[in-house]
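Note that the coordinates shown come from a computational prediction; the quantities given were computed from them, not determined experimentally. Residue numbers begin at 1 in each chain, while the letters A, B, ... track the order of the sequences.
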Number of protein chains: 2
Amino acid sequence: MPVLVMKFGGTSVATLDRIRRAAKRVGVEVAKGYDVIVIVSAMSGETNKLVGYVEETSPLFDAREYDAVVSSGENVTAGLMALTLQEMDVPARSWQGWQVPLETTSAHSSARIVNIPTDNINRKFGEGMRVAVVAGFQGISPEGRITTLGRGGSDTTAVAFAAAFGAERCDIYTDVDGVYTTDPRICDKARKLDKIAFEEMLELASLGAKVLQTRSVELAMRYKVKLRVLSSFEEQSDEAGTLVCDEEEIMELNVVSGVAHSRDEAKMTLISVADRPGIAAAIFSPLSEAGVNVDMIVQNISEDGRTDMTFSCPTNQVARAEQALKAAQDAGSINFHDLVADTDVCKISVVGIGMRSHTGVAAKMFKVLSNEGINIKVITTSEIKISVLVDRKYMELAVQALHTAFELDKAA
Amino acid sequence: MPVLVMKFGGTSVATLDRIRRAAKRVGVEVAKGYDVIVIVSAMSGETNKLVGYVEETSPLFDAREYDAVVSSGENVTAGLMALTLQEMDVPARSWQGWQVPLETTSAHSSARIVNIPTDNINRKFGEGMRVAVVAGFQGISPEGRITTLGRGGSDTTAVAFAAAFGAERCDIYTDVDGVYTTDPRICDKARKLDKIAFEEMLELASLGAKVLQTRSVELAMRYKVKLRVLSSFEEQSDEAGTLVCDEEEIMELNVVSGVAHSRDEAKMTLISVADRPGIAAAIFSPLSEAGVNVDMIVQNISEDGRTDMTFSCPTNQVARAEQALKAAQDAGSINFHDLVADTDVCKISVVGIGMRSHTGVAAKMFKVLSNEGINIKVITTSEIKISVLVDRKYMELAVQALHTAFELDKAA
């Protein structure tokens with residue numbers, strides 16, 4: 001029988017009632033003839049509670065014990081989901097990570113999946129079991145200890161199972177009904193996309209559209225796993241949600257598929273840096289060592305052997321960046337007149353795989369922003385994305401104007 | 001290094017603070033030179049919460065899934081205890097049942113321990129680890145599924161580890177500071193016992209002194225594991241608590257060690273039963289099949305080929321007993337005039353290993369009760385115990401009078 005993977009996040013299994021609702025969705029797919037692998041997260045709030053216990057107990061915790069504690073929330077949901085399915089007369093059983101066994105590296109609390117043997121679960125499917133409920137987010141290390149996969153681990157578990165079992169599709173049930181052209185809370189003309197290409201989803205995920213974790217999208221792209229994002233709180237048809245798939249499967253590629261924004265950006269400028277070969281390395285190596293995630297970088301035109309260097313990083317890393325750069329200044333490896341941090345900015349991006357073959361997207365974007373009187377502070381581009389930093393007060397205006405200009409608005 | 005097993009129950013690990021306090025006690029024993037195996041229960045309330053989830057999800061639950069869900073509470077505590085010990089610079093790690101592996105039968109939710117291999121944990125002790133924190137109450141079946149040991153499972157886990165590792169002693173930390181001559185809430189002259197023999201403890205445990213689970217005492221007796229019961233809420237010396245041990249280790253055996261009581265008893269009388277060979281079997285077989293735990297049985301003297309038959313059972317099984325006996329009457333296998341249930345009784349027992357060599361204990365007991373005007377309804381005796389059923393209103397009086405008469409009162 002064809003295999004389907006269905007993943008339910010924390011809000012979708014937050015109560016026994018919600019678990020029942022999710023189980024009914026699983027039952028519908030079983031009735032269609034699928035053998036189903038269900039991946040579950042912990043009931044929402046549970047993992048945070050456990051993480052809180054660990055951090056209070058031991059600020060510099062042993063990641064192996066962290067994993068042993070934190071993984072227990074998913075075990076509870078897996079058992080309860082199996083029981084709920086059995087109550088509905090659907091033959092089901094639960095599997096904890098080590099029982100599959102989902103083999104991972106030993107990098108505790110951010111382990112990578114190494115292998116998922118399919119024989120145990122497939123044998124049970126052969127014996128008439130219709131649903132394998134697997135605790136997400138967890139695996140077992142070569143040393144036999146419990147590992148967890150880090151943020152977004154359950155999405156990644158789901159995609160990895162879909163790849164290992166050659167599943168027809170991997171359905172990610174969440175609290176939104178799909179991927180939108182932009183954030184509906186900011187732009188009421190936002191439209192749900194029926195399909196989106198992996199590459200676009202990757203850019204959107206990393207830009208803060210928190211529907212799917214970047215890592216699971218990368219994995220899906222590599223193994224060509226069809227991903228569908230849909231709501232566990234609505235009645236669903238086969239056409240519901242958004243399908244994340246290979247671009248070949250999308251008939252008409254959009255030039256621009258979405259407009260993303262991120263509030264969590266700060267702009268930092270080193271004023272009057274001595275401009276010499278190796279200066280970029282001298283600036284960004286200490287930042288990297290300090291764990292600062294530098295995103296955009298702009299170097300101004302040099303004048304009299306000095307230049308201004310601007311970069312962006314997450315707002316909560318500004319203090320760390322300042323400290324690292326001042327230490328480098330004190331150590332004599334760089335020399336600047338001043339360091340200015342601007343936390344009152346935001347990042348706006350347009351993403352679209354069609355940009356590859358269409359020119360003029362950047363020019364159009366800049367013109368739209370200019371028409372609205374919005375000054376662009378920093379620009380970066382990739383093959384399928386253009387991002388700009390602008391004053392935060394313009395965020396809504398910029399998103400709405402770009403959404404309309406790139407013809408993403410839903411039909412009135 | 002000598003091995004010590006220390007078990008902490010749910011109230012002893014109910015909060016992070018209490019886990020810290022328990023860990024300090026462990027640290028004291030490590031400092032004395034012991035390698036320690038710590039068995040932990042779930043934080044108090046957690047297991048009941050999980051059981052509630054399961055029962056609400058599926059009234060006739062699959063016990064395999066029940067075990068997978070319910071065992072997770074102990075895993076959390078085990079990890080947190082290991083982290084707490086590490087914070088105190090005591091080398092420790094946690095073990096879940098399947099990691100030891102604690103091998104059990106497949107009787108889910110009431111599994112029996114089959115084997116505890118010691119090599120994994122001993123190898124770690126050899127590498128410098130000082131404390132193995134083991135999640136209590138759980139194991140793994142031959143099929144690789146998680147099992148739980150049922151009520152009192154963590155006490156049983158602790159004793160089994162002590163037997164497997166040849167531990168010097170098994171310390172059971174709980175919310176009382178030892179075993180008493182009687183319930184201090186009923187008799188303010190109750191005295192803590194320094195030592196008690198396994199057989200006495202067994203009788204007291206099964207009579208409702210809920211300090212230790214019967215099963216763990218049986219196991220300790222079989223493997224000669226010295227058990228100590230003590231409070232996790234008080235500063236402890238080496239002499240604290242009560243030592244449960246082989247009678248050979250107790251210099252002066254008490255004729256009577258304790259007076260126990262149980263409110264949860266009902267007396268049932270079948271009036272005017274036809275007295276013929278096989279009548280006892282005809283009455284008690286259907287009760288046994290109905291799951292009624294018959295405790296005491298008395299058959300009156302027969303008259304004109306008919307007799308009265310009286311027995312006791314737990315109060316909450318009265319309805320079930322009545323149903324079973326009426327069904328047997330209807331089926332013609334027994335014949336009685338009436339069935340009378342008296343739920344207003346209680347059981348009072350005196351227990352003491354010295355009874356074996358002392359006569360007159362029963363006579364003295366009956367005389368004491370008679371002097372207080374207490375009528376005895378049913379009597380049973382074993383080698384080291386005499387139990388009587390009396391009206392419930394006399395419970396406190398009977399306990400106090402017997403406690404004094406058998407010289408158990410503490411020095412004023």
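- Heavy atoms closer than 4.5 Å to chain A are found nowhere in B:Leu85, neither backbone nor side chain.
- For chain A, the nearby part of B:Leu50 is the side chain; its heavy atoms alone come within less than 4.5 Å.
- Atom OG1 of A:Thr156 is separated from atom CZ of A:Arg215 by 4.5 Å, given to the nearest 0.5 angstrom.
- Contacts between B:Met43 and chain A at a heavy-atom distance below 4.5 Å involve the side chain alone, from C-beta outward.
- The contact between B:Glu56 and chain A is made by backbone and side chain atoms together, counting heavy-atom distances below 4.5 Å.
- Between the B:Gln99 side chain and the B:Gln96 main chain, a donor and an acceptor come within less than 3.5 Å of each other.
- B:Leu16 touches chain A through its side chain: at least one heavy atom from C-beta onward sits under 4.5 Å away, while N, CA, C and O do not.
- Looking at B:Ser141, its side chain never comes within 3.5 Å of a backbone N or O of B:Thr147 through a donor-acceptor pair.
- Contacts of B:Ile19 with chain A are absent, with no heavy-atom separation under 4.5 Å from either backbone or side chain.
- Once rounded to the nearest 0.5 Å, the distance linking SG of A:Cys170 with CD1 of A:Ile37 reads 9.5 Å.
- Note: A:Leu83 leads A:Val70, A:Val54, A:Leu60, A:Leu83 in heavy-atom pairs under 4.5 Å with chain B.
- Under the 3.5 Å distance criterion, the side-chain polar atoms of B:His108 are left unmatched by any main-chain donor or acceptor of B:Asp62.
- Side chain of B:Glu103 to backbone of B:Gly139: no donor-acceptor contact under 3.5 angstrom is found.
- Ranked by heavy-atom pairs shorter than 4.5 Å toward chain A, the options B:Asn75, B:Val69, B:Asp67, B:Thr84 are led by B:Val69.
- Of the listed residues (A:Gly144, A:Ser94, A:Ala78, A:Ser72), the one with the most heavy-atom contacts under 4.5 Å to chain B is A:Ser94.
- Under the 30°/60° scheme for interplanar angles, the aromatic rings of A:Phe8 and A:Tyr173 are found to lie parallel.
- Comparing A:Arg93, A:Arg64, A:Arg20 by heavy-atom pairs within less than 4.5 Å of chain B, the highest count is held by A:Arg93.
- Heavy-atom pairs under 4.5 Å with chain B peak, among A:Ala92, A:Gly73, A:Gly79, A:Ala82, at A:Gly79.
- Looking only at side-chain heavy atoms (C-beta outward), B:Asp155 and B:Lys7 come within less than 4.5 Å of each other.
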